[in-house]
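Keep in mind that the numbers below use all heavy atoms, side chains included, and drop hydrogens, waters and symmetry copies. Labels below follow one simple rule: chain letters A, B, ... track the order of the sequence lines, proteins then strands, and each chain is numbered from 1.
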Protein chains: 2
Amino acid sequence: MAKSVAPRGFARERVLEAALNLFAEHGVNGTSLQMIADRLGVSKAAVYYQFHSKDDIVFAVVEPIFGDMRRVLRIAEAMSSPDARREAAVSGMVELAVRHRRVSAVFHGDPAIDNLVHSRKDLHEVIERLTAILLGPEPDTACRVMMSMLASGIFSSAMDPELADIDDEELHRVLLDCTQRLLNAPVSS
Amino acid sequence: MAKSVAPRGFARERVLEAALNLFAEHGVNGTSLQMIADRLGVSKAAVYYQFHSKDDIVFAVVEPIFGDMRRVLRIAEAMSSPDARREAAVSGMVELAVRHRRVSAVFHGDPAIDNLVHSRKDLHEVIERLTAILLGPEPDTACRVMMSMLASGIFSSAMDPELADIDDEELHRVLLDCTQRLLNAPVSS
DNA sequence: GTCTATATAGGGATAGAC
DNA sequence: GTCTATCCCTATATAGAC
C-alpha cells in the first residue's frame with residue numbers, strides 16, 4: 001500500500017534534470033524529446049509517460065522559479081515606499097538568480113519560454129507585478145533602460161558558463177554590489 | 001552588360017530582412033525557412049536560391065555586426081593603457097548595439113548563434129579579442145561578473161521590445177551613462 | 001530567377017504490446 | 001510503468017519544369 005502514481009518519484013526528476021541541462025546548452029527549441037530520452041538512456045515514450053507534452057516539461061522546469069518569484073514579490077509588495085519595494089525586489093531577484101543558477105540560462109531570453117509565459121496568465125501576472133515594482137509609478141527613460149540592463153544582467157551573469165567557477169556565495173555578493181552601484185548612483189546628466 | 005550574379009540585388013536583402021525579424025521574435029531555432037518564405041510571399045525554393053543553407057542566412061545576418069566589431073577592436077587595441085582600451089571597447093559596443101539594434105536580439109544569447117560563432121574561427125576570434133580587452137590582464141571576480149553583466153545588459157536593452165519607443169540617440173546616451181556608472185564606481189567592499 | 005514536386009530526415013505525439 | 005512500433009507533420013535541401 002505504498003506509492004500510488006509516481007514510480008519512485010525519481011523518473012520525473014531525472015527527466016527534468018536532463019531537460020534542464022539540454023535546454024541550457026541548446027535552448028528549448030534546439031532540444032528534442034529524442035535528445036532528452038537519449039541522455040537518460042530511455043525511449044521517447046518513456047518521457048511521454050512522465051509528461052504529456054514538451055510544454056509540460058518546459059513548464060515544470062520553469063515553475064519553481066515562478067514560485068520563488070511570487071514569494072519575493074509578496075515580501076517586496078509589503079514594503080511601504082516605492083524605493084524600498086524596488087530594493088527588496090532587486091535583491092530578491094539576485095538571490096533567486098543565484099539559487100536557480102542553471103535554470104536562469106533557460107529562463108532568460110529564450111523565445112520558447114517567452115511564449116509559454118505569455119500563454120499562461122498565472123505566469124504572465126508574475127512578470128507584470130515584478131515590472132510594476134521595478135519601474136515604479138512613472139518611470140523615466142533612464143530608469144527603464146537601467147532596469148532592463150539590470151534584469152538581463154543579473155540572470156545572464158548567473159548563467160554565464162565563463163563564471164561557473166565562482167561559487168554561489170561570492171557571486172551573490174558581487175552581483176548585489178553591482179546592482180547597488182547602478183541603483184544608488186545619482187542621475188549624472 | 002550590367003549585373004552579373006544578383007538580380008537587382010534586392011531579393012537577398014529582402015530575405016535577410018524577413019529572417020532578421022523572425023529570428024528576433026522566435027529565435028533562430030524557432031524559425032523555419034518556410035516561415036521566412038511565407039513572410040516574403042515566395043516559396044522555400046526561392047529562398048534557397050539566394051542562400052544555400054539556413055546557416056548561410058544566419059551568417060549573413062550576423063556578419064555585419066562582426067565587421068563593425070572588428071573596427072571597434074582595431075581602435076580599442078591601439079590605445080596605450082588597459083583602462084583606455086576597455087573604455088573604448090565598451091563605448092564602441094554600446095554604439096554598435098544601438099546601431100544594430102534589431103540584430104542585437106539575435107546576436108545575444110541565441111544558442112544557434114553561439115554554435116555558429118564557435119564553429120567559425122574568424123568569428124570566434126573576434127569574441128576572444130573583445131573578452132581580452134574587457135577583462136584585462138588579470139581580472140578579479142568582481143570585474144568578471146561586472147563585464148558579464150555589462151555585455152548582456154547592453155545588448156539586451158538594445159533589443160528589449162519594451163524599450164522600442166526610445167529613439168536611438170537617447171538610448172545611446174542612457175546606455176553610456178549606465179555603463180560608466182558601473183565602470184567608474186570604486187570597488188565598495 | 002522563381003516555382004512545383006519530391007527526397008530524406010527528424011520532430012512531437014499516440015496506441016498498444018509487454 | 002516502460003518499451004516497440006507507428007502516425008503525421010514539418011524541416012532542410014535538391015532536381016528539374018517553366
Side-chain angles (χ1 to χ4, degrees), chain A residues 1-23 25-62 106 110-113 115-116 119-120, chain B residues 1-23 25-62 106 110-113 115-116 119-120:
Chain A
M1 65 256 305
K3 56 180 177 172
S4 57
V5 48
R8 293 185 318 282
F10 281 153
R12 223 183 130 88
E13 311 307 322
R14 274 168 46 82
V15 170
L16 289 180
E17 174 73 15
L20 174 52
N21 287 326
L22 288 164
F23 288 166
E25 188 174 356
H26 307 285
V28 173
N29 281 327
T31 303
S32 68
L33 295 205
Q34 188 66 65
M35 290 161 82
I36 297 174
D38 286 351
R39 173 152 306 196
L40 293 172
V42 301
S43 68
K44 276 195 291 183
V47 175
Y48 269 103
Y49 178 75
Q50 306 288 346
F51 299 93
H52 301 345
S53 71
K54 189 179 177 181
D55 263 6
D56 279 3
I57 300 179
V58 177
F59 177 73
V61 166
V62 150
V106 176
D110 193 304
I113 305 280
N115 282 342
L116 180 70
S119 72
R120 298 186 57 120
Chain B
M1 67 246 319
K3 56 179 178 167
S4 55
V5 49
R8 294 187 316 285
F10 279 154
R12 222 184 131 88
E13 309 306 322
R14 274 170 42 83
V15 170
L16 288 180
E17 174 73 15
L20 175 52
N21 288 325
L22 289 164
F23 288 167
E25 189 174 356
H26 306 284
V28 173
N29 281 327
T31 303
S32 68
L33 295 201
Q34 187 66 64
M35 291 162 80
I36 296 173
D38 286 350
R39 175 154 302 198
L40 293 171
V42 301
S43 67
K44 274 191 297 182
V47 175
Y48 270 103
Y49 178 77
Q50 306 289 345
F51 299 92
H52 299 346
S53 73
K54 191 180 177 181
D55 263 7
D56 280 2
I57 300 179
V58 176
F59 177 73
V61 166
V62 149
V106 176
D110 192 307
I113 304 280
N115 282 341
L116 180 69
S119 73
R120 298 187 54 122

So, is A/Y48 near the phosphate of C/dA13, with a side-chain N or O under 4.0 Å from OP1 or OP2? yes

Find the distance A/Y49:OH to C/dC18:C1' and express it as a whole number of Å. 14 Å

Look at the side-chain N and O atoms of A/Q50 and state whether any lies under 4.0 Å from the OP1 or OP2 oxygen of D/dG1. no

Report the distance from atom CZ of B/F23 to atom CE of B/M35, rounding to the nearest 0.5 Å. 10.0 Å

List the steps, then state whether side chain to side chain donor-acceptor pair (under 3.5 Å) holds for A/D38 with A/Q34. CA-CA 6 Å; A/D38 286 351; A/Q34 188 66 65; 3.0 Å; yes

Counting only side-chain heavy atoms from C-beta out, which of C/dT2, D/dC3, D/dT12 sits nearest to B/L33? D/dT12

Figure out the CZ/C1' separation between A/R14 and D/dT2, and round it to whole Å. 13 Å

Does B/H26 reach the side chain of A/N29, with side-chain heavy atoms less than 4.5 Å apart? no

B/A45 side chain: which of C/dC3, C/dT2, D/dT2 is closest? C/dC3

Expressed as a whole number of angstroms, how long is the span from A/I57:CD1 to C/dG11:C1'? 13 Å

Should B/S32 be listed as having a side-chain N or O under 4.0 Å from OP1 or OP2 of D/dA11? yes

Minimum-distance nucleotide (side-chain atoms of B/K54 versus C/dT2, D/dA13, C/dT14): D/dA13

Quick one: label A/S43 by what it contacts on the DNA or RNA (base, sugar-phosphate, nothing), any heavy atom closer than 4.0 Å. base

So does B/S32 get a backbone contact from the side chain of B/K44, meaning a donor-acceptor N/O pair under 3.5 Å? no

If you assign B/A46 and A/M35 each to the DNA chain C nucleotide with the nearest heavy atom, which residue ends up on the more 5' nucleotide? B/A46

Whole Å only: how far is the CZ atom of A/R12 from the P atom of D/dT2? 13 Å

